[in-house]
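Both counts, for ligands and for their atoms, begin at 1 and track the order of listing. Reckoned from all heavy atoms, side chains included, excluding hydrogens, waters and symmetry mates.
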Amino acid sequence: MQYFPLFVDTTSLNVLVVGAGEVAARKTELLLRTHARITLVAPHACSTINRLVATHDTLTWIEREYQPGDLDDQQLVFVATNDRELNRDISSQAKARNLLVNVVDAPQQCGFITPSIIDRSPILIAMSSGGVAPVLLRYLRQKLEADIPRSIARLGQFAEKFREKVKQRFDNLTQRRYFWEDFFDGDIAEQVLKGNEEIATQQMTQYLSETSPMVAGQVYLVGAGPGDPELLTFRALRLMQKADVVVYDRLVSQDILDMVRRDAEKIYVGKAASNHTLPQQDINQLLVDEAKAGKRVVRLKGGDPFIFGRGGEEIETLLEHKIGFEVVPGITAASGAASYAGIPLTHRDHAQSVVFATGHLKDDSINLDWPALVQKGQTLVFYMGLTGLPIICRELVANGMPPSMPIALVEQATTPEQQVVTGTLENIQQRAAHIKPPALIIVGSVVMLREKLNWFQTGSAAIEHAAD
Ligand code: SAH
């Protein structure tokens with residue numbers, strides 16, 4: 001993060017603006033929405049500035065060229081003259097005095113940059129691309145503008161009005177947060193947004209006198225998908241942003257963890273094939289303990305919690321302890337890997353069924369019904385199968401699959417590090433020697449479609465194909 005976001009209290013802030021053209025006028029207009037005292041220095045002013053000076057007491061125009069002494073007693077400086085050299089000089093002088101300075105359209109000379117904002121005061125959304133992607137930023141801003149009702153400000157003011165009463169009602173911080181989250185999701189908030197403030201006030205007063213202050217903890221088993229954060233469900237994201245505690249394992253990517261509520265406690269219970277950081281029983285117990293402490297617990301799992309995710313075992317323990325839970329499905333690795341590698345798991349001409357199997361080794365063997373797996377028109381997907389790859393290839397051939405059957409290995413599917421290697425049951429071991437976990441194995445003639453489909457795909461799949 002090159003730029004640190006912060007909101008500056010303008011109550012006793014002195015701001016200098018040098019320049020009085022249209023660009024300076026736009027900055028000044030924005031500054032005039034705050035409480036800051038603004039001094040503007042320029043020999044001439046555009047009509048907008050003239051109008052602003054006439055109508056605002058907090059704005060003073062000094063009608064002359066800039067002088068270094070103008071920096072005295074100032075805390076923030078905006079430079080917007082059309083003389084580049086002068087702009088650079090003022091920037092250097094301001095920096096020498098440790099003042100925060102912004103030169104319009106010259107990021108190298110800036111000590112700070114101003115964000116793009118959506119103003120629904122008291123709600124203020126500020127965002128920045130650090131000057132790297134202004135068009136993307138504008139696009140995002142438009143989307144947010146459309147999503148955030150104009151009347152959201154009214155909701156902020158309504159909440160402010162009830163803050164003290166809610167504080168008296170719930171003296172515990174966590175319970176207060178739950179209350180407000182429910183409130184913002186609920187019917188009363190809807191009334192405020194619609195402008196029915198009187199009804200909302202009545203309902204709120206009633207609600208506060210009724211609510212039981214006891215709030216029980218709850219566990220959410222949430223599927224985080226195979227890696228790409230864009231593949232999270234809305235529900236997963238919402239719960240991640242409401243969690244008090246997040247219990248996650250190795251398959252959950254950093255990009256996804258970054259989307260968890262910042263104040264949430266994050267507990268790693270990761271599992272690598274042979275290196276169980278925390279035994280499953282202890283994980284189950286941890287979920288119970290945290291929920292009993294009244295917390296909202298999100299158990300974040302790679303892919304889908306109910307596909308090789310041991311979700312079932314965790315739920316059993318929760319049931320034993322009568323703890324409320326909910327399961328949120330996620331995109332399983334097979335779906336993610338298939339889509340991102342360009343391999344449809346079923347296809348009218350190739351596969352009418354697909355089997356998800358575990359290739360996990362137990363005592364150096366894989367306990368699977370091999371004859372049932374070797375069927376015509378069936379795609380096989382092996383999870384946790386990398387170590388067992390030689391056994392998988394050997395058993396499939398021993399049970400009647402042709403050695404020329406196509407097979408694909410997809411490492412870190414859906415992430416920027418995704419790697420795909422294709423071959424046959426005969427040669428895949430040599431070709432895939434460099435592949436590391438987590439990796440998924442796909443066996444079947446559908447693997448051949450990757451070649452064909454890539455001709456029609458743009459983006460990463462096509463580029464990656466060209467590099468194969
Ligand atoms: N619940 C998870 C699977 C957990 S088992 C799901 O539904 O996806 C762990 C195995 O999943 C790994 O050994 C690997 O085979 C597979 N896997 C998970 N994420 C993967 C990814 N991004 N790329 C490739 N394989 C992945």
Can you tell me which residue and heavy atom of the protein come closest to atom 21 (C) of ligand 1, and the distance to 0.1 Å?
Ala413 N, 3.5 Å
Look at the rings of Tyr248 and Tyr268 and say which category their plane angle falls in: under 30° parallel, 30 to 60° tilted, over 60° perpendicular.
tilted
Give yes if a backbone or side-chain nitrogen or oxygen of Thr332 is under 3.5 Å from a nitrogen or oxygen of ligand 1, and no if not.
yes
State plainly whether the residues Glu326 and Arg299 are in salt-bridge range, i.e. N to O under 4.0 Å.
no
Interatomic distance, CD1@Ile331 vs CG@Leu231, rounded to 0.5 Å, equals 4.5 Å
Using a 4.0 Å cut-off to any heavy atom of Leu440, which atoms of ligand 1 qualify?
15 (O), 16 (C), 24 (C), 25 (N)
Students should be able to answer this: which protein heavy-atom is nearest to atom 22 (N) of ligand 1, and at what distance?
Pro226 O, 2.8 Å
Modelled atom types, side-chain donor and acceptor of Asp119 and Ser121, under 3.5 Å:
yes
Option nearest atom 4 (C) of ligand 1 (shortest heavy-atom distance, choices Phe308, Phe382, Phe306)
Phe308
Measure the distance from atom 2 (C) of ligand 1 to every protein heavy atom, then report the residue, atom name and distance (to 0.1 Å) of the closest one.
Gly302 O, 3.2 Å
for atom 11 (O) of ligand 1, nearest protein heavy atom and its distance come out as Tyr383 CD2, 3.3 Å
Once rounded to the nearest 0.5 Å, what's the spacing between atom NE2 of His321 and atom NZ of Lys292?
4.5 Å
Can you give me the closest heavy-atom contact between Leu251 and Gly302, atom names plus distance?
CB-CA, 4.0 Å
If you measure from CD on Gln218 to CG on Leu318, what distance do you get to the nearest 0.5 Å?
9.5 Å
Taking only heavy atoms of Leu251, which atoms of ligand 1 are found under 4.0 Å from at least one of them?
4 (C), 9 (C), 18 (C), 19 (N)
Using heavy atoms and a threshold below 4.0 Å, how should the contact between Lys301 and ligand 1 be classified: side chain, backbone, both, or neither?
neither
Between CD of Gln175 and CG of Asp171, what distance do you get to the nearest 0.5 Å?
7.0 Å
What is the nearest protein non-hydrogen atom to atom 15 (O) of ligand 1, stated with its residue, atom name and distance?
Ala439 O, 2.7 Å
For Asp304, the ligand 1 atoms with a heavy-atom partner under 4.0 Å come out as 1 (N), 6 (C), 7 (O)
Value for CD1 (Ile283) from CD (Gln285), rounded to nearest 0.5 Å, stands at 12.0 Å
Please determine if Met384 has a nitrogen or oxygen closer than 3.5 Å to a nitrogen or oxygen of ligand 1.
yes
List the closest protein heavy-atom neighbour of atom 8 (O) of ligand 1: residue, atom name, distance to the nearest 0.1 Å.
Ala333 N, 2.8 Å
Between ligand 1 and Thr414, is the shortest N or O to N or O distance under 3.5 Å?
no
Could you tell me, atom by atom, which parts of ligand 1 come under 4.0 Å of a heavy atom of Val410?
24 (C)
For the NZ atom on Lys165, are there more than 12 heavy atoms of other groups (residues, nucleotides or ligands in this structure) within a distance under 6.0 Å?
no
Do any nitrogen or oxygen atoms of Ile307 lie less than 3.5 angstrom from nitrogen or oxygen atoms of ligand 1?
yes
